There are 2 protein chains.
Amino acid sequence: MATLANCIVMMDEGIDRVGELVPQMPAAEARMCRLMLMLGATIDRELEAKLKPNKLNHSEFLTLMILYSRPDGSSTPGELCEFTTQGATNMTRIANALVKRALITRGSSKDDRRRVLIRITPAGRRFVQKVLPPMFPQVGAMFTGFSAGDMRQFDRLLRKLAGNLDQLGEQRLP
Amino acid sequence: MATLANCIVMMDEGIDRVGELVPQMPAAEARMCRLMLMLGATIDRELEAKLKPNKLNHSEFLTLMILYSRPDGSSTPGELCEFTTQGATNMTRIANALVKRALITRGSSKDDRRRVLIRITPAGRRFVQKVLPPMFPQVGAMFTGFSAGDMRQFDRLLRKLAGNLDQLGEQRLP
DNA sequence: CTAGTTTATTTCACTGGTGAATTATCAATC
DNA sequence: GATTGATAATTCACCAGTGAAATAAACTAG
């Protein structure tokens, strides 16, 4: 099996070596960047594995969770696209899949009949309440050994990084 | 456009709300987890966008960089699978693509003829040296405002998280 | 009322990645 | 030295997700 630790060792050596060949490279930043990519992908795989027994994939899960988290349990395809960073094409497919399983309903909005109103059903709520708790242990285990201070720091640093990424994105689409 | 900051605001509210409905949830950990997923995906998209003009995708780039970082510039498909966390099937495709562009060569190993030896070509090295520097500004910009201490902390926390993820993976495949 | 814009859906072609079976080689054992 | 089993890479058929373009319906502003 390819342990994350192995990959990291190898990545560290790789960056050192590339840093010798291309000295202008911001090595420390590149390292962080790769770490974020590796960990993000790993967590993604972990989550996907947890969801598979329930015949859900990541974007379907996310969509369902957003609806579940809304006080009125409803949203629109456009809004869901925005927050799940999915294309409209895919959101239609996701909605189709969730409607077929009766976890959500699709209806047209009263005041703007172009809009489609997507709403989580009682069965959808029950489904979330069944699916969610079994993933708590893993989520907790990811942060064993993190002190309260560690969590605060981590949160701060991730949000700071998010801010930088936003700026970086803006200047690419001017 | 869907700014990361917006998604985060929405995620925070969502987790608060779900936390009320399902109180056993480890809210702080779930928040970190989602942050990692969002940032990882964003960095991934950013990288992919930077690579697209060069007709490379993430896994091809990674493969090429590993080869570039090796003192002898060579590896085998199996090893590359391990470090890129790709299936063997996909590695064959990646190698095909890179061979077609003459960035790598494929030859069979002398001492074990099952093994294929993949080696970066001089053109491959030149290609990396051309492609790499233009991404340095972005990589640097991702961490503007990070003090030396911030970088140290961030590195420490990410590696700690990696350790936990490894343990979590082990106990799923016993 | 008309022209233009927004919202959602559908279709199509394409990319990236996966699982199952296949082929070739090696290593071990009888 | 033939047989069995493991390992490395490839091939094939398939799926999920994407981007672009076309369509349709409904809203908005002049």
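As the structure is a computational prediction, the values presented were derived from the model and not from experiment. We name chains A, B, ... by the order of the sequence lines, and we start the count at 1 in each one.
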Do the side chains of [Y] and [X] get nearer than 4.5 Å, heavy atoms only?
{"X": "F143(A)", "Y": "D150(A)", "value": "no"}
{"X": "M135(A)", "Y": "F61(A)", "value": "yes"}
{"X": "M10(B)", "Y": "I66(A)", "value": "yes"}
{"X": "R119(B)", "Y": "L67(B)", "value": "no"}
{"X": "S69(B)", "Y": "E13(A)", "value": "no"}

Practice task
Please state whether the phosphate of dG17(D), meaning OP1 or OP2, lies under 4.0 angstrom from any side-chain nitrogen or oxygen of Q86(A).
Solution key: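 No, Q86(A) has no side-chain N/O under 4.0 Å of OP1/OP2 on dG17(D).
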Practice task
Would you check if the side chain of N164(B) reaches a backbone N or O of T144(A) as a donor-acceptor pair within less than 3.5 Å?
Solution key: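 Pair found, side chain donor or acceptor close to backbone of T144(A).
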Please report, rounded to the nearest Å, how far the [atom2] atom of [N] is from the [atom1] atom of [X].
{"X": "E82(A)", "N": "dT6(C)", "atom1": "CD", "atom2": "C1'", "answer": "14 Å"}
{"X": "N57(B)", "N": "dT18(D)", "atom1": "CG", "atom2": "P", "answer": "15 Å"}
{"X": "D44(B)", "N": "dT18(D)", "atom1": "CG", "atom2": "C1'", "answer": "14 Å"}
{"X": "R115(B)", "N": "dA27(C)", "atom1": "CZ", "atom2": "C1'", "answer": "13 Å"}
{"X": "F61(B)", "N": "dG16(C)", "atom1": "CZ", "atom2": "C1'", "answer": "18 Å"}
{"X": "E60(A)", "N": "dG17(D)", "atom1": "CD", "atom2": "P", "answer": "7 Å"}
{"X": "L51(A)", "N": "dA16(D)", "atom1": "CG", "atom2": "P", "answer": "15 Å"}

Handout entry: By salt bridge (Lys or Arg N to Asp or Glu O under 4.0 Å) - contacts of R114(B) (at least two apart)
Key =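 Scan of R114(B) (salt bridge (Lys or Arg N to Asp or Glu O under 4.0 Å), adjacent residues dropped) gives D112(B).
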Practice task
Do nucleotides 20-30 of chain D as a string where each nucleotide becomes B, S or -: B if the base has a protein heavy atom under 4.0 Å, S if just the sugar-phosphate does, - if no protein is that close.
Solution key: B----BBS---
Handout entry: Close residues, residues 90-105 of chain A, relative to DNA chain D [heavy-atom separation under 4.0 Å]
Key =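 Under 4.0 Å from DNA chain D: N90(A), R93(A).
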Problem - Among V128(A), I120(A), T84(A), the one residue meeting side chain to side chain contact (heavy atoms under 4.5 Å, CB included) with M65(A) - result: V128(A)
Exercise for the section: Determine which pairs satisfy side-chain hydrogen bond (donor to acceptor under 3.5 Å, both in side chains) with at least one residue from residues 91-101 of chain B, sequence neighbours left out, and list them in order. Expected result: N90(B)-R93(B), N96(B)-R106(B)
Exercise for the section: Before giving the answer on side chain to side chain donor-acceptor pair (under 3.5 Å), spell out for R156(A) and Q153(A) the whole-Å C-alpha distance, their side-chain angles and the decisive distance to 0.1 Å. Expected result: CA-CA 5 Å; R156(A) 179 180 69 85; Q153(A) 285 288 306; 3.0 Å; yes
For residues 19-36 of chain A, tabulate all N or O donor-acceptor pairs below 3.5 Å that involve a side-chain atom, not counting sequence neighbours.
residue: R31(A); atom: NH1; partner: D12(A); partner atom: OD1; Å: 2.8
residue: R31(A); atom: NH2; partner: D16(A); partner atom: OD1; Å: 3.2
residue: R34(A); atom: NH2; partner: H58(B); partner atom: NE2; Å: 3.1

Practice task
Compute the angle between the rotation axes at the two ends of the helix from dC1(C)-dG30(D) to dC30(C)-dG1(D), each taken over five pairs, rounded to 10 degrees.
Solution key: 10°
